[in-house]
Amino acid sequence: MSLARALVVGLVGTAVLSAFEPLERRWLGHVPPYSLAALAARMRGVPIPIATRAALLLRWTYGPTWGVVYTRATRGIVPRHPVLEGIALATTICAFELAVIPAVGLVRPLRDWSRRELAALYAHTLAFGLAAGLTRRALA
């Protein structure tokens, strides 16, 4: 798959994730602890409007990067099960984020997260993963 198609996989995943976030916030009843804008505001004292713009820039870089990593990692594999691939991708991203963001002090320790917050993070990555898997299949 070409780099352009790999970027499209990541862009579609990012767009679906962005559309999913309001549902996620409503289900949690608050901004998720892993929200980029909330993290920037908390860690650096950045005003929320500025942090929100910075978070958008980061998201639209981070998501397409995962799309490229995913398509490169699955190069040569026929996408027969895009939903299973999406679940695997979501699990990989979720595990990465659960290992990295608390370790570098961006969020409170995981032991302080509610089960709902942990489930929301997985649902968050699953929205991206399923969209990416289905997009990869459509572009194959």
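Sequential numbering from 1 along the given sequence is applied to the chain's residues. Keep in mind the model is a prediction, meaning the values are calculated, not measured.
Atoms CZ and OG1, from R136 and T74 in turn, are 3.5 Å apart once rounded to the nearest 0.5 Å. Annotation: the span from T92 atom OG1 to E97 atom CD amounts to 11.5 Å, rounded to 0.5 Å. Taking CD1 of I93 as the start and OH of Y62 as the end, the distance is 6.5 Å to the nearest 0.5 Å. L56 contributes atom CG, which lies 11.0 Å from atom OG1 of T14 (distance to the nearest 0.5 angstrom).
Linking Ile, Leu, Val, Met, Phe, Trp and Tyr residues whenever their side-chain heavy atoms come within less than 4.5 Å places Y70 and F96 in a single cluster. By the criterion of side-chain heavy atoms lying less than 4.5 angstrom apart, applied directly or through intervening Ile, Leu, Val, Met, Phe, Trp or Tyr residues, V68 is not grouped with L57; the two fall into different hydrophobic clusters. Under the 4.5 Å side-chain heavy-atom criterion for ILVMFWY residues, a single connected hydrophobic cluster contains both V12 and L89. In the hydrophobic cluster analysis, where Ile, Leu, Val, Met, Phe, Trp and Tyr join through side-chain heavy atoms closer than 4.5 angstrom, V16 is grouped apart from L7.
Between H81 and R137, the shortest heavy-atom distance links the atoms N-NH1, 4.4 Å. Pairing each heavy atom of P33 with each of V107, the nearest pair is O-CG1, 3.2 Å.
By the ring-ring contact (aromatic ring centres under 6.0 Å, His included) test, F20 is found to be paired with no residue, residues two or more places apart in sequence or in another chain being considered.
Within the structure, salt bridge (Lys or Arg N to Asp or Glu O under 4.0 Å) contacts touching residues 55-75 (residues at least two apart or in different chains) are E21-R59.
Residues P32 and E117 form no side-chain contact, since every pair of their non-hydrogen atoms from C-beta on lies 4.5 Å or further apart.
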Result block: side-chain N/O donor-acceptor pairs under 3.5 angstrom for residues 118-131, not counting sequence neighbours:
| residue | atom | partner | partner atom | Å |
| --- | --- | --- | --- | --- |
| Y122 | OH | T91 | OG1 | 2.9 |
| H124 | ND1 | E24 | OE1 | 3.0 |
| H124 | ND1 | E24 | OE2 | 3.1 |
| T125 | OG1 | A90 | O | 3.2 |
| T125 | OG1 | L121 | O | 3.4 |
| T125 | OG1 | Y122 | O | 3.0 |

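Side-chain atoms of W60 do not come within 3.5 Å of backbone N or O of A15 as any donor-acceptor pair. A donor-acceptor pair is defined here as one N or O able to donate and one able to accept, closer than 3.5 Å; such a pair exists between the side chain of R116 and the backbone of W27.
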